[in-house]
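Remember, it's a predicted structure, so these values are computed and weren't measured experimentally. Proteins get letters first, then strands, A, B, ... in listed order; numbering begins at 1 in each.
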Amino acid sequence: MNVEKKTMRDVFIESVYNRMHGDSNIFFLSADFGSPKLDILREKFRERFINVGIAEQNLINVSTGLALEGYTVYAYAIAPFLTMRAFEQIRINIALHAQLMDVNVNIIGVGAGLSYDVSGPTHHCLEDISIMRTLPNISIFSPSDWAMAEKFVDYSIRVKKPKYIRFDGKPLPRIYENIRDVKLENGFHEIREGDEICLISTGYMTHKALCIADSLSRIGLLIGVIDVFLLKPINEEQFFKLLKKYRSVITIEEAFIEKGGLDSLISGILSKRNSSVRLRRKGFGDSYVFEMGSRDHLHKLNGLDDESIIKDIREMLKS
Amino acid sequence: MLPNVSDRFFDFLKEKSLWVRKETLDIHRIAQETRLASSLSCVEILVTLYYGKIINHNPKNTKWEQRDRFIISKGHGSISFYPILADLGYFPKEELGRVCKEGTFLGGIPDCIIPGYETTNGSLGHGLGVACGIALALKRRDRKEKVFVLLGDGELYEGSVWEAVMFAREHMLDNLTAIVDDNKICMLDFCRNILNLEPLEDKFRAFQWDVHTVDGHNVRELHNILLNLRKDERGKPKVLIASTVKGKGVPVLETDPLNHIKNIKPEDIDRVISDLK
């Protein structure tokens with residue numbers, strides 16, 4: 001594995017920056033949120049970079065206006081504030097209009113899950129997938145590494161529909177070495193093939209799932225890992241074909257569970273087809289996390305640490 | 001002395017306003033869900049913009065590139081725009097007899113599926129920000145079309161309006177004119193009894209907008225000022241605060257602070273129409 005760590009946002013923004021040279025139809029808007037690569041973009045494209053101030057609602061509204069006039073727009077801010085402060089702006093101006101006309105607004109939220117671990121519950125983003133999934137007409141992209149993030153830039157320009165793009169805040173190593181072979185439109189990829197049990201994850205948790213699968217493989221246990229990067233739209237038929245190879249699947253996510261997130265997506269796919277595949281959901285219960293600590297510490301408190309997940313795997317293997 | 005052309009023109013706008021009020025009441029007769037009082041306060045504003053030829057538009061092509069963009073942010077209070085759109089040829093007049101009925105596109109609150117509406121604005125506080133994005137796009141492309149936004153005064157309680165107010169000045173959106181239908185009443189009371197919006201002019205001035213006021217029922221004044229504002233490109237966004245009466249033309253509504261949710265019963269509509277002046 002290539003161990004060089006990069007943030008998804010920097011790789012993504014650099015790629016957008018490169019596209020902006022040849023495509024005068026791109027605007028990049030931020031709600032006073034930055035990144036090293038954004039500094040280069042905003043210096044070079046002063047006419048098409050706009051900082052709207054700490055005003056997520058207006059970020060979405062102005063982006064909508066630009067998109068209605070035909071621009072490709074990136075609306076960039078901290079994930080929980082963007083999706084939850086401006087949820088109604090996203091609903092009315094983006095989701096609703098997109099049913100009748102082209103609205104290519106790419107809503108980029110940085111800080112998925114527990115990216116901002118020690119910033120506490122205001123900055124934890126455990127609800128975004130659930131609430132964004134409820135909106136018609138918006139795609140949800142949740143990559144696990146920068147290579148996938150980079151691949152999505154072309155899609156974001158080409159597909160003239162709104163998208164919610166959620167990036168982890170931390171630099172992470174590359175997962176996909178052969179990204180060209182991954183089909184974006186499917187929405188998922190089986191990174192490790194397993195025997196009986198499969199871990200299903202998105203974003204940062206895919207790194208965790210791979211670690212667990214790799215450590216168990218050393219003792220002869222083959223655990224599958226499926227990375228879900230496009231939660232909506234997703235190729236359900238293809239996904240089900242893959243899921244039914246397994247006796248049990250475990251969703252692991254930095255999100256509240258049983259509220260419409262990744263676990264609910266999988267549960268829906270299985271139950272609609274009366275599947276006998278067993279599902280266990282691991283994530284956050286119905287409460288916020290006030291205790292401070294690293295991501296690993298917070299995982300431990302909520303049963304998302306390696307040890308707890310391996311315990312679940314062993315239990316499911318026995319039963 | 002014979003009236004001059006100009007007098008005739010304003011008489012025409014007055015007649016149209018009377019006709020729009022009558023049609024709006026006719027719609028309310030069959031669709032009691034419509035917000036009548038709020039739709040009556042902005043009649044002269046809408047009539048002046050469209051029959052007064054302030055707004056460039058093309059009923060045969062709603063996506064015509066050279067059209068001015070008109071965003072009705074106080075969406076609920078624009079049922080009076082339906083007869084205008086039908087009269088100008090955006091859709092057949094028969095549709096006015098089907099408002100809120102099964103299968104029609106004319107709802108109690110308008111959506112952008114209605115030909116002639118740029119956006120959907122059933123929820124308040126969105127229109128000005130979207131209009132800012134449109135105005136910015138037009139500026140970046142060096143286009144000459146203008147952007148008009150109709151806001152309610154009660155809508156100004158929404159914080160997102162003021163995010164847009166700040167934005168418009170910073171980006172010198174002088175192709176943008178906001179018109180406030182200042183009818184002074186919200187859902188439950190007079191605005192002055194809720195959170196006083198006054199002094200409203202000073203609020204916009206503090207944000208360095210170009211501020212104007214007008215009697216929102218005087219078509220001559222409205223026409224003169226809107227024509228000037230359309231041409232004005234001196235770097236500042238413009239706001240026209242139009243003093244209006246909520247429920248204008250229907251005495252039983254005009255005096256009632258709860259008129260937002262007050263209906264006129266179908267059997268009373270004929271009498272109200274015959275009393276219209």
Side-chain angles (χ1 to χ4, degrees), chain A residues 20 23-32 45-75 77 81-82 85-105 107 136-137 162, chain B residues 62-63 65-71 73 75 105 107 109-115 117-143 145 147 149 158-173 175-176 207 237:
Chain A
M20 283 174 83
D23 185 346
S24 60
N25 209 39
I26 298 173
F27 259 89
F28 200 107
L29 275 63
S30 166
D32 198 39
F45 296 107
R46 286 165 182 253
E47 292 287 291
R48 289 187 282 140
F49 170 82
I50 289 170
N51 185 348
V52 302
I54 307 164
E56 290 82 5
Q57 301 174 79
N58 204 40
L59 174 73
I60 295 300
N61 290 354
V62 172
S63 295
T64 302
L66 288 164
L68 289 176
E69 291 297 322
Y71 281 104
T72 297
V73 187
Y74 295 90
F81 311 143
L82 182 55
R85 168 76 66 111
F87 185 74
E88 206 231 357
Q89 278 74 20
I90 296 172
R91 173 177 174 260
I92 300 272
N93 293 321
I94 294 185
L96 209 140
H97 282 126
Q99 192 154 318
L100 304 166
M101 44 192 110
D102 285 347
V103 184
N104 193 7
V105 177
I107 304 162
N137 309 318
Chain B
T62 56
K63 292 292 166 198
E65 226 183 346
Q66 289 163 51
R67 76 192 185 283
D68 291 330
R69 275 60 159 176
F70 180 42
I71 308 286
S73 198
F105 52 84
I109 301 216
D111 288 311
C112 60
I113 54 168
I114 302 174
Y117 274 86
E118 289 281 340
T119 56
T120 288
N121 292 98
S123 170
L124 295 173
H126 296 284
L128 191 60
V130 174
C132 284
I134 293 174
L136 183 69
L138 293 172
K139 277 210 164 274
R140 287 290 188 273
R141 289 186 171 139
D142 287 323
R143 299 206 57 95
E145 295 79 20
V147 184
V149 188
E158 295 281 8
S160 53
V161 172
W162 300 96
E163 292 183 6
V165 168
M166 276 188 272
F167 182 92
R169 172 62 182 110
E170 184 62 35
H171 292 277
M172 301 198 290
L173 301 178
N175 53 351
L176 174 72
F207 285 101

Go through the atoms of B:L138 and report whether side chain, backbone, both or neither lie under 4.5 Å from a heavy atom of chain A. side chain
Measure across B:C132 and A:V62 and return the closest heavy-atom pair with its distance rounded to 0.1 Å. CB-CG2, 4.1 Å
Examine whether an atom of B:E118 lies under 4.5 Å from a heavy atom of chain A, and if so say whether it belongs to the side chain, the backbone or both; otherwise answer neither. backbone
How long is the span from the CG atom in A:N51 to the CD atom in B:E170, to the nearest 0.5 Å? 10.0 Å
Neighbours of chain B found in residues 63-73 of chain A - heavy atoms under 4.5 Å: A:T64, A:G65, A:L66, A:L68, A:E69, A:G70, A:Y71
Any donor and acceptor pair, going by atom type alone, linking the side chain of B:H126 with main-chain N or O of A:Q89 inside 3.5 Å? no
Let me know if B:A164 has heavy atoms under 4.5 Å from chain A in its side chain, its backbone, both or neither. both
So if I take each residue of residues 24-32 of chain A and look for any heavy atom under 4.5 Å from a heavy atom in chain B, which residues do I end up with? A:N25, A:F27
Working to the nearest 0.5 Å, report the span between CD1 of A:I92 and OG1 of B:T119. 10.5 Å
What residue in A:V52, A:N93, A:L96, A:L59 has the most heavy-atom pairs under 4.5 Å with chain B? A:N93
Are more than 12 heavy atoms, taken from residues, nucleotides or ligands other than B:I109, located less than 6.0 Å from that residue's CD1 atom? yes
Please state whether the side chain, the backbone, both or neither of A:E88 comes within less than 4.5 Å of a heavy atom of chain B. both
Is the side chain of B:R140 donor-acceptor paired with the backbone N or O of A:E47 at a distance under 3.5 Å, no angle test? yes
Would A:M101 and B:C112 satisfy side chain to side chain contact (heavy atoms under 4.5 Å, CB included), going step by step from the backbone distance to the final call? CA-CA 10 Å; A:M101 44 192 110; B:C112 60; 3.7 Å; yes
Return yes when atom CZ of B:R67 has more than 12 non-hydrogen atoms of other residues, nucleotides or ligands closer than 6.0 Å, and no otherwise. yes
Greater than 12 external heavy atoms within 6.0 Å of A:R85's CZ: no
Would you please test A:I50 and B:L136 for side chain to side chain contact (heavy atoms under 4.5 Å, CB included) and show each step? CA-CA 11 Å; A:I50 289 170; B:L136 183 69; 3.0 Å; yes
